[in-house]
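Below is one structure, written out as structure tokens; the observations come after it.
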Amino acid sequence: MSLTPTGYRPRIMDNKLKEGLKTFGAILLEGPRWCGKTWMMLNHANSVAYLMQTNTRILAENEISTALEGKQPHAIDEWQEVPEVWDAIRFAVDQKPQRGQYLLTGSVTRKKAKKKVHHSGIGRIARMKLRTLSLYESGESTGAISLAELLAGKKCQAAQSKIALSELIEITCRGGWPITLSGEVKAPLELPYDYLEGLLDSDFEDYDIKIREPQKFRYFLAALARNTAAPVKNVTLHDDVQTAAGEFSAKTLTAYLQILRDFFILEELPGWDPAIRSKARVLSSPKRFFADPSLAVAALGTNPEKLHQELPVYGSLFENLCLRDLLVYAEASNARVSYYRDNSGLEVDAIVETREGAWGGFEVKLSARGIEAGARSLLRLKEKIQRAGGSAPVCLAVLSGSAVAHQREDGVWIIPITLLRD
């Protein structure tokens with residue numbers, strides 16, 4: 001009997017996890033805190049050990065086998081609390097090479113935990129990443145248009161978005177945290193603020209740095225949010241923080257970025273480097289954004305009322321939301337997401353590429369004027385890739401806030417993000 005919690009909201013990754021349990025002896029489910037890892041894990045488990053519970057952790061530290069006891073698939077929540085669990089599971093899978101024995105979750109990657117792990121787990125423990133709820137998972141996208149079908153070159157039906165800009169702004173500020181949809185949180189817009197403040201109380205002893213001045217960390221988060229979904233170099237980010245915070249070392253910036261990576265709060269898109277000969281040099285600074293757009297909202301200290309008056313600011317937060325959703329939907333098709341930018345000035349917000357090499361280009365534009373500019377960028381990229389001998393895209397699309405989904409005469413799709421699904 002599974003341990004599926006009452007009120008569990010199905011996730012797109014459920015199918016991938018189910019298939020993974022048929023292939024690997026164990027699976028590690030990683031992602032930011034509060035994104036729903038534990039509930040998703042319980043949806044596939046028959047027993048569980050919670051290592052965040054003091055008694056369970058003490059027992060495991062004294063006798064590691066107690067953490068592995070239970071009907072399989074057996075779940076172990078927050079494995080890094082007792083790092084020796086990793087090698088114990090790897091050994092158990094080696095001794096009994098059966099599929100689907102263990103499920104693990106992890107919300108933070110710790111150096112100390114890594115030092116106590118002697119084997120990588122490759123071939124025994126597969127890694128999967130869970131993100132916050134996409135709009136389709138939260139029920140705020142109709143799912144009328146499928147990313148998988150677009151990547152397969154299929155035609156989609158015209159459809160109308162029914163979510164107004166004001167509602168979309170509210171959704172962005174609330175974020176995709178499952179708990180905010182449960183009705184248990186009285187002030188859901190405050191949760192992202194509490195999330196970031198909670199970071200200041202976290203244990204950063206792994207990072208050779210202490211946050212002695214919390215305000216500087218807040219300035220850092222705000223600078224990151226101002227540059228969200230943009231390929232900004234570290235030196236530019238550093239200068240932005242230093243302007244507001246005063247003395248701020250490059251070493252501190254590097255440590256803060258690593259903290260956000262290790263807590264799965266920061267997403268980084270790599271630059272797409274198509275295998276073509278081109279005079280334009282591809283630029284490769286990562287495009288950084290928050291794991292959930294509501295965290296960028298909180299880092300900026302803004303709210304729906306202010307964003308209604310500052311639509312250019314909301315435009316970057318909207319891109320953060322769209323990129324989060326693209327990552328969730330692409331994962332279901334085993335596709336990777338990157339972005340394109342070269343020194344000729346051409347930039348495309350997202351490239352989604354399948355394992356077979358098929359690719360689609362996506363621009364994110366909130367306004368009607370932006371949609372036209374986005375379509376031009378997509379067509380320029382298509383022409384450049386084909387002229388250099390590369391393959392044509394299977395789809396080109398501008399993701400918008402609200403509009404009618406349709407395909408233009410030039411082949412570019414206009415797709416409201418509130419109609420997209422995996």
Side-chain angles (χ1 to χ4, degrees), residues 31-35 107-110 132 169-170 172-177 179-180 185 187-268 285-307 309-310 312-321 323-324:
R33 285 174 178 159
W34 303 352
C35 74
S107 298
V108 58
T109 303
R110 294 189 182 278
T132 57
I169 291 175
E170 189 88 12
T172 304
C173 294
R174 182 208 67 208
W177 310 101
I179 194 170
T180 62
V185 179
L189 297 186
E190 292 300 314
L191 186 143
Y193 283 87
D194 292 341
Y195 195 111
L196 293 184
E197 285 299 310
L199 273 179
L200 297 172
D201 297 326
S202 298
D203 175 14
F204 294 138
E205 61 183 11
D206 291 350
Y207 297 92
D208 301 322
I209 190 169
K210 292 184 181 298
I211 300 181
R212 295 187 178 90
E213 298 178 77
Q215 189 57 38
K216 286 191 176 183
F217 190 72
R218 296 187 185 99
Y219 284 138
F220 159 72
L221 291 173
L224 199 60
R226 281 193 294 272
N227 294 284
T228 189
V232 177
K233 294 182 179 179
N234 279 10
V235 64
T236 304
L237 193 60
H238 172 267
D239 291 346
D240 193 345
V241 178
Q242 191 159 262
T243 298
E247 185 178 351
F248 187 80
S249 71
K251 178 183 176 181
T252 300
L253 175 72
T254 300
Y256 283 179
L257 287 171
Q258 191 59 50
I259 286 170
L260 296 190
R261 291 188 196 100
D262 286 355
F263 279 72
F264 302 102
I265 291 171
L266 185 66
E267 294 273 12
E268 294 182 312
S285 295
K287 178 182 282 195
R288 298 188 179 106
F289 54 99
F290 285 83
D292 191 88
S294 66
L295 296 177
V297 172
L300 290 173
T302 189
N303 57 47
E305 291 72 26
K306 291 180 181 178
L307 290 173
Q309 306 301 319
E310 301 172 340
V313 175
Y314 178 64
S316 62
L317 301 174
F318 175 66
E319 184 172 346
N320 194 146
L321 180 148
L323 291 176
R324 188 275 315 273

Once you round to the nearest 0.5 Å, how far does [atom1] of [X] lie from [atom2] of [Y]?
X	Y	atom1	atom2	value
Asn320	Thr172	CG	OG1	9.0 Å
Thr228	Lys287	OG1	NZ	9.5 Å
Ser294	Glu190	OG	CD	11.5 Å
Glu170	Glu305	CD	CD	7.0 Å
Leu257	Leu237	CG	CG	6.0 Å

Closest heavy-atom pair and its distance - [X], [Y]:
X	Y	result
Ala225	Leu300	CB-CG, 3.6 Å
Ala291	Arg324	O-CG, 3.4 Å
Leu224	Leu266	CD2-CD1, 3.8 Å
Gly301	Tyr193	C-OH, 3.2 Å
Asp292	Gly176	OD1-N, 2.9 Å

Handout entry: From CA spacing to verdict: side chain to side chain contact (heavy atoms under 4.5 Å, CB included), Val313, Thr302
Key = CA-CA 10 Å; Val313 175; Thr302 189; 5.6 Å; no
Test item: [X] and [Y] side chains (from C-beta on) under 4.5 Å apart, heavy atoms:
X	Y	value
Leu295	Leu221	no
Arg226	Asp240	yes
Pro304	Leu189	yes
Cys173	Leu307	yes
Arg288	Asn227	no
Gln215	Tyr219	yes
Val297	Leu317	yes
Glu319	Phe289	no

Exercise for the section: Using the side chain to side chain contact (heavy atoms under 4.5 Å, CB included) rule, take Thr252 and Val241 through it: C-alpha gap first, then chi angles, then the decisive distance, then the call. Expected result: CA-CA 11 Å; Thr252 300; Val241 178; over 6 Å; no
Exercise for the section: Given side chain to side chain contact (heavy atoms under 4.5 Å, CB included), test Arg33 with Phe263 step by step and report yes or no. Expected result: CA-CA 8 Å; Arg33 285 174 178 159; Phe263 279 72; 4.0 Å; yes
Exercise for the section: Just say parallel, tilted or perpendicular for the rings of His238 and Phe248, cut-offs at 30° and 60°. Expected result: tilted
Exercise for the section: Measure the acute angle between the ring planes of Phe217 and Tyr256, then classify it against the limits of 30° and 60° as parallel, tilted or perpendicular. Expected result: perpendicular
Handout entry: Salt-bridge contact Glu197-Arg218 (side-chain N to carboxylate O under 4.0 Å)
Key = yes
Exercise for the section: Identify which one of Pro32, Cys35, Ser107 satisfies the side chain to side chain contact (heavy atoms under 4.5 Å, CB included) criterion when paired with Phe264. Expected result: Pro32
